[in-house]
Amino acid sequence: MSLGKAARSLVSPLRGALRCSGLSRSYTAAAAARAVLEHELETIRAAGTWKAERIITSKQGPEISVDGSRGSILNFCANNYLGLSSHPEVVQAGIDALKTHGAGLSSVRFICGTQDLHKKLEQKLAEFHEREDCILYASCFDANAGLFEVLLGPDDAVLSDELNHASIIDGIRLCRAKRLRYKHMDLGDLETKLKEASSSRMRLVVTDGVFSMDGDVAPLRGICDLAEQYGAMVFIDECHATGFLGPRGRGTDELLGVMDRVHIINSTLGKALGGAAGGYTVGPKPLIDLLRQRSRPYLFSNALPPPVVGSATRAVELLLASNEIAQSMTAKTMRFRNKMTQAGFTIAGSAHPICPVMLGDARLASLMADDMLKLGVYVIGFSYPVVPKGKARIRVQISAAHTDEDIDRCVDAFIQTGRKHGVIS
């Protein structure tokens with residue numbers, strides 16, 4: 001045998017062994033990772049915080065069909081505050097946009113993804129909020145992820161409420177500004193942090209307008225007073241306020257009389273404004289122009305699909321034309337809150353359609369939600385990590401589409417279920 005043949009006869013089995021060894025290590029790594037994941041999942045189940053996804057077989061609305069349940073179910077946990085998700089004009093606008101402008105753009109905005117529909121919606125949203133300009137995103141999570149990194153640098157400071165939404169927290173993590181967290185809605189602590197940030201080039205106070213887990217409203221008057229005293233700007237996330245808070249539904253800033261004192265607003269199209277998808281930033285035109293140039297979620301995400309844009313535009317037009325829907329919310333919200341309080345339940349928050357029924361125990365919240373479904377009412381238990389440990393609750397959300405009879409049926413189901421589980425007597 002030649003020397004070359006001898007060498008090849010030795011190398012070939014060696015390569016096979018190495019290949020088998022590599023595959024073995026790969027399978028071992030995958031098996032180890034699987035075991036870690038399974039352990040983590042079992043920990044969630046054991047804690048009673050497992051989040052099962054119920055399957056809805058109908059359109060969104062005050063009454064829905066749920067897989068495995070008979071008949072129509074009253075839905076009391078959607079963000080469909082104004083009932084516009086299935087409004088005939090909103091639906092038809094989406095159909096019309098699908099026919100005239102197609103299913104999607106297959107592109108980001110700056111390449112070939114901007115249609116006249118997108119510019120029209122941005123103009124309508126800027127008009128609605130009475131701001132200079134607007135930029136659309138795929139979601140408000142993206143809007144929050146794309147703002148702070150562009151606006152703030154290492155010489156700046158951002159002051160954030162400790163209970164701000166996860167998307168705000170994640171967005172702030174991406175920026176290089178000095179990060180200061182103040183106690184929840186605590187103006188004294190905010191002032192302390194503003195003093196601490198006095199040497200920064202720019203200071204931005206960041207808060208949810210309405211905090212989604214508790215339904216409490218940020219003290220914007222006091223925040224704006226402090227911001228003006230210490231030379232700071234104010235940003236609010238209005239996802240749970242746009243369309244229905246304030247006399248004309250403009251949001252928390254209108255409700256509290258500070259529309260001209262809040263500088264930047266992020267909000268969503270995925271709740272009161274049709275409920276499909278999408279988010280946006282409204283504010284000074286130079287900021288919006290800069291976001292179009294540098295905001296990564298905007299630059300690297302496809303443009304919103306035309307049917308979504310068409311539906312949202314019609315929703316905004318309805319609200320610009322009339323405040324009747326927005327004004328119907330208060331009486332319905334207080335009907336539920338008063339009846340539940342009279343029955344002995346603890347309801348967090350204030351006069352907001354988010355009505356958290358506080359229970360404390362995660363397993364109890366889950367069991368009660370399952371029993372409510374059997375009684376024809378769709379609600380969901382919220383537990384850690386969505387809310388702090390020991391603060392589990394069922395978050396009820398009132399819609400303008402709910403009737404008084406719907407609300408009374410929901411309260412009756414809570415009373416029956418609450419007595420069964422010993423929550424009320």
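Only heavy atoms go into these numbers, but all of them, side chains included; no hydrogens, no water, no symmetry mates.
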So, is the end of the R203 side chain (NZ or CZ) under 6.0 Å from the ring centre of Y230 and within 45° of the ring's axis?
-> no
Interatomic spacing from CD in E122 to CD1 in I288 - rounded to 0.5 Å = 8.5 Å
Would you call P62 and S399 a side-chain contact if the rule is heavy atoms closer than 4.5 Å?
-> no
Can you check whether L84's main-chain N or O pairs, donor with acceptor, with N80's side chain at less than 3.5 Å?
-> yes
Does any donor atom in the side chain of S72 or E63 lie under 3.5 Å from an acceptor atom in the other side chain?
-> yes
Pick one: which of R261, R221, R131, R248 meets salt bridge (charged side-chain N to carboxylate O under 4.0 Å, His left out) with D253?
-> R131
Have Y137 and S295 got a donor and an acceptor in their side chains that come within less than 3.5 Å?
-> yes
Has R70 got more than 12 heavy atoms of other residues, nucleotides or ligands less than 6.0 Å from its CZ?
-> no
Given L147 and L287, is the side-chain contact (heavy atoms from CB on, under 4.5 Å) satisfied, shown in steps?
-> CA-CA 9 Å; L147 172 69; L287 170 64; 4.2 Å; yes
Given L226, which of V234, V205, L159, L194 fulfils the side chain to side chain contact (heavy atoms under 4.5 Å, CB included) condition?
-> L194
K374/D371 salt bridge by N-O under 4.0 Å criterion | yes
Given the rule in the salt bridge (Lys or Arg N to Asp or Glu O under 4.0 Å) test, do E196 and K193 qualify, once you have shown the distances and angles that lead to the verdict?
-> CA-CA 5 Å; E196 187 177 336; K193 298 301 191 296; 5.3 Å; no
Is the shortest heavy-atom distance from the side chain of L151 to the side chain of I264 under 4.5 Å?
-> yes
Do M340 and C355 touch side chain to side chain, with heavy atoms closer than 4.5 Å?
-> no
Inspect the surroundings of CD1 in I55 and state if more than 12 heavy atoms from other residues, nucleotides or ligands are less than 6.0 Å away.
-> no
Other residues, nucleotides, ligands: >12 heavy atoms within 6.0 Å of K124 NZ | yes
Decide yes or no for L319 and L82: does some side-chain heavy atom of the first lie under 4.5 Å from some side-chain heavy atom of the second?
-> yes
Point-to-point distance, once rounded to the nearest 0.5 Å, from CG of L320 to CZ of R250 | 5.5 Å
Pick one: which of V308, T313, D116 meets side chain to side chain contact (heavy atoms under 4.5 Å, CB included) with L121?
-> T313
Measure the spacing between CG of D214 and CD1 of I347 and express it to the nearest 0.5 Å.
-> 12.0 Å
Ring pair (Phe, Tyr, Trp, His ring centres under 6.0 Å) with H402: of F76, F336, Y81, only one passes, and it is F76
Is any NZ, NE, NH1 or NH2 atom of the basic residue among K339 and D412 found under 4.0 Å from an Asp or Glu carboxylate oxygen of the other?
-> no
Flag for D406-T403: side-chain donor and acceptor within less than 3.5 Å = yes
Between CD1 on residue I398 and CE on residue M334, distance to nearest 0.5 Å | 11.0 Å
Looking at side-chain heavy atoms only, is the closest gap between V423 and L364 below 4.5 Å?
-> yes
Counting only heavy atoms not in K178, do more than 12 fall under 6.0 Å of its NZ?
-> yes
To the nearest 0.5 Å, tell me how far R109 CZ sits from T114 OG1.
-> 3.5 Å
Can you measure from NE2 (H165) to SG (C140) and round to the nearest 0.5 angstrom?
-> 8.0 Å
Using atom types as modelled and distance alone, determine if a side-chain donor or acceptor of D370 lies under 3.5 Å from a backbone N or O of L367.
-> no
Test item: T207 and Y182 side chains (from C-beta on) under 4.5 Å apart, heavy atoms | yes
Could you pull out all residues at least two apart from R176 that satisfy side chain to side chain contact (heavy atoms under 4.5 Å, CB included)?
-> P154
Atom CZ of R181: over 12 foreign heavy atoms under 6.0 Å | no
Any donor-acceptor pair under 3.5 Å from Q115 side chain to H101 backbone | yes
Is there a side-chain contact between C77 and R395 (heavy atoms, below 4.5 Å)?
-> no
More than 12 heavy atoms of other groups within 6.0 Å of K51 NZ | yes
For L136 and L125, run side-chain contact (heavy atoms from CB on, under 4.5 Å): C-alpha distance rounded to whole Å, both residues' side-chain angles, the deciding distance at 0.1 Å, then the answer.
-> CA-CA 10 Å; L136 292 172; L125 288 167; 3.8 Å; yes
Can you tell if the side chain of R292 reaches within under 4.5 Å of the side chain of Y298, non-hydrogen atoms only?
-> yes
Determine, step by step, whether D161 and D208 satisfy the side-chain contact (heavy atoms from CB on, under 4.5 Å) criterion, reporting the C-alpha distance in whole Å, the side-chain angles of both residues, the deciding distance to 0.1 Å, and the verdict.
-> CA-CA 8 Å; D161 188 293; D208 278 315; over 6 Å; no
Have D96 and Q92 got a donor and an acceptor in their side chains that come within less than 3.5 Å?
-> yes
Distance-only polar pair, side chains of T281 and N266, donor-acceptor under 3.5 Å = yes
Please assess L163 against D216 for the test side-chain contact (heavy atoms from CB on, under 4.5 Å), listing each intermediate value before the final yes or no.
-> CA-CA 11 Å; L163 293 188; D216 45 3; 5.8 Å; no
